[in-house]
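Since the model is a prediction, treat every value here as computed from it, not as a measurement. Residue numbering restarts at 1 for every chain, and letters A, B, ... go by the order of the sequence lines.
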Amino acid sequence: MMIPKETHNKEAEVLERALEAFNKLTGLNFMVEEREVDIEGREADAIISLAVDGKVFRYVAEIEKFLTPVKINLIFLKKLAQLHPKRIIVTDYINPNLAEQLRKLDIPFIDITGNAYIKEPPVYIFIKGNKQQIEVLAKKQKIRAFQPTGLKVVFAFLCQPELVNAPYREIAKKAKVALGTVGWVMRDLKEAGFLIGTKKRGRKLINRRKLLDRWVEAYPENLRPKLLVGRYQAEKDDWWKFTQIQDFNAYWGGEIAAAKITQYLKPEIATIYINDTPTKFLLHNKLAKKPDGNVEILKTFWEIDYNWPYKDLVPPILIYVDLLATGDTRSIETAQIIYERELARLIGEN
DNA sequence: TGCGCAGCGGTCGTTACTTA
DNA sequence: TAAGTAACGACCGCTGCGCA
């Protein structure tokens with residue numbers, strides 16, 4: 001995929017400034033050894049090294065802008081999969097919550113305000129709480145493909161890649177969006193390097209893994225909150241084992257769906273996607289409204305018939321993203337299992 | 001300091017027009 | 001005639017200002 005020169009310059013600036021801030025604050029010397037290197041067939045932003053007491057620690061620097069909790073969980077997944085040994089996140093700003101999350105997952109980072117986490121025994125550095133600088137390096141671009149309606153279209157494409165060759169009207173129907181939206185999303189996906197071709201020559205979705213990552217980052221922020229009907233509390237923990245969810249025109253998502261597929265997880269939060277108003281479902285399962293309850297009900301947003309044997313579960317992409325959004329280690333590990341079993345073939349990694 | 005209102009900008013749906 | 005594009009308007013959310 002072609003990456004604009006401007007993007008490279010901004011990433012280089014983030015790296016320079018993060019190293020400068022770290023060195024100034026700690027008195028140590030982090031330096032760039034190589035830029036844009038090929039590591040195990042994947043392009044990495046840079047190799048940086050830190051020399052302490054005659055020892056040199058080398059890291060693959062991954063320059064990330066606008067870090068979110070879900071993005072961190074994705075990074076953790078790659079760490080689990082051992083895609084890059086010893087990677088360090090270099091970013092513009094890490095707030096104290098994100099810093100704690102990174103430390104818990106043992107992911108090293110530095111940012112341009114001097115926040116940092118490095119654990120290389122006997123070296124241990126953890127700096128958080130440095131305030132974000134007012135000037136912003138780059139404004140977060142609003143791309144329609146990753147706005148609420150765009151996310152619905154991209155979800156339909158990820159679940160049914162052949163849908164990109166359907167007429168816009170059919171895409172609009174399957175993704176439950178307006179016709180005009182499809183045109184905007186197609187344009188965005190082409191510009192971002194996720195779609196090639198024309199209706200005449202045939203369109204094709206490319207860089208699907210990266211597209212999935214972008215969707216997973218954007219969904220919890222831009223679409224999921226709009227789907228939430230409410231949170232509820234059940235009388236018993238195992239209530240869900242006795243419910244035929246299809247009778248209510250609904251699907252299990254998140255931890256319950258993951259538990260049913262993998263038997264690896266003991267569900268703590270029940271996520272339900274429902275087509276109709278949930279009144280009958282609530283009454284039947286004796287669910288009471290509670291803001292911090294462990295049952296969350298969301299509206300469905302797709303009309304595609306996903307081809308897999310679990311008719312009472314949401315498509316696996318949705319299970320994957322809901323697990324990543326919960327954030328605990330076991331859920332992230334389960335997300336990785338779902339990815340390997342159900343998603344890798346879908347996005348063409350096998 | 002907190003609340004409410006107004007204005008503005010962005011998003012998205014509808015519809016009409018263009019193109020093949 | 002079907003499919004894609006563009007224009008327009010409605011709606012929603014954010015921000016800033018004024019008032020209590």
Side-chain angles (χ1 to χ4, degrees), chain A residues 4 6-7 10 65-71 92-93 95 97-98 131-208 210-231 273-278 289 291 296-305 314-315 317-318 321 325:
Chain A
E6 196 190 340
T7 309
K10 278 171 185 162
K65 278 178 276 176
F66 314 115
L67 218 55
T68 63
V70 173
K71 213 167 181 174
D92 44 359
Y93 175 64
N95 68 36
N97 291 338
L98 295 180
K131 293 274 190 301
Q132 186 171 22
Q133 290 164 9
I134 293 182
E135 47 104 19
V136 179
L137 279 174
K139 277 200 170 172
K140 204 170 187 174
Q141 260 189 315
K142 287 236 170 181
I143 300 173
R144 197 125 166 187
F146 301 107
Q147 295 304 307
T149 52
L151 287 167
K152 292 181 183 179
V153 177
V154 175
F155 176 75
F157 287 165
L158 287 168
C159 291
Q160 262 182 28
E162 68 278 7
L163 193 64
V164 291
N165 276 309
Y168 280 16
R169 279 161 179 80
E170 192 185 330
I171 297 169
K173 188 168 171 270
K174 295 259 168 131
K176 287 188 172 179
V177 298
L179 176 65
T181 303
V182 179
W184 282 103
V185 173
M186 297 298 246
R187 198 175 310 166
D188 279 354
L189 290 176
K190 276 183 187 167
E191 277 177 18
F194 294 119
L195 187 72
I196 52 169
T198 59
K199 174 71 181 163
K200 231 178 182 179
R201 288 185 286 128
R203 292 183 285 251
K204 193 181 175 209
L205 213 54
I206 56 170
N207 296 315
R208 281 195 240 166
K210 195 149 192 176
L211 181 61
L212 173 69
D213 285 353
R214 289 287 299 274
W215 190 87
V216 166
E217 286 164 24
Y219 171 77
E221 284 189 21
N222 296 344
L223 179 55
R224 201 176 198 277
K226 290 182 189 292
L227 304 172
L228 188 70
V229 176
R231 291 190 79 109
Y273 285 82
I274 195 160
N275 278 314
D276 308 325
T277 49
K289 187 124 191 158
E296 53 176 5
I297 297 183
L298 301 104
K299 287 176 276 185
T300 55
F301 61 92
W302 62 93
E303 220 159 69
I304 46 159
D305 188 20
V314 298
I317 294 173
L318 216 44
V321 67

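- Listed nucleotides: C:dT5, B:dT14, B:dC12. Nearest to the side chain of A:A178: B:dT14.
- In this structure, the side chain of A:R224 does not engage the main chain of A:A218 through any donor-acceptor pair within 3.5 Å.
- In this structure, A:M186 places its CE atom 17 Å from C1' of C:dA6, rounding to the nearest Å.
- Look at CZ on A:F301: it is 14 Å from P on B:dG13, rounded to the nearest Å.
- Rounded to a whole Å, the CG atom of A:L179 is 13 Å from the P atom of C:dA6.
- When rounded to the nearest whole Å, the span between CD of A:Q147 and P of B:dG9 equals 18 Å.
- Heavy atoms of A:G183 sit nowhere under 4.0 angstrom from any nucleic acid atom.
- Taking the six-membered ring for Trp and thresholds of 30 and 60 degrees, A:F155 and A:F301 have ring planes inclined between 30 and 60 degrees apart.
- Taking every side-chain heavy atom of A:R203 into account, C:dG4 is the closest of B:dG13, C:dG4, B:dC12.
- Straight-line distance from the CH2 atom of A:W184 to the C1' atom of B:dG13: 13 Å, rounded to whole Å.
- The interatomic distance linking A:Y168 (OH) with B:dT19 (P) rounds to 16 Å, in whole Å.
- Atom pair A:L151:CG and B:dC12:C1' shows a separation of 14 Å (rounding to whole Å applied).
- Residue A:I171 contributes atom CD1, which lies 7 Å from atom P of C:dG4 at whole-angstrom precision.
- In this model, the phosphate group of B:dC12 is approached by a side-chain N or O of A:T149 to a distance below 4.0 Å at OP1 or OP2.
- Comparing A:R169 and A:P148 against DNA chain B, the residue whose closest nucleotide sits nearer the 5' end is A:P148.
- Around CH2 of A:W215, the count of heavy atoms belonging to other residues, nucleotides or ligands within 6.0 Å exceeds 12.
- Residue-environment remark: NZ (A:K176) exceeds the threshold of 12 foreign heavy atoms within 6.0 Å.
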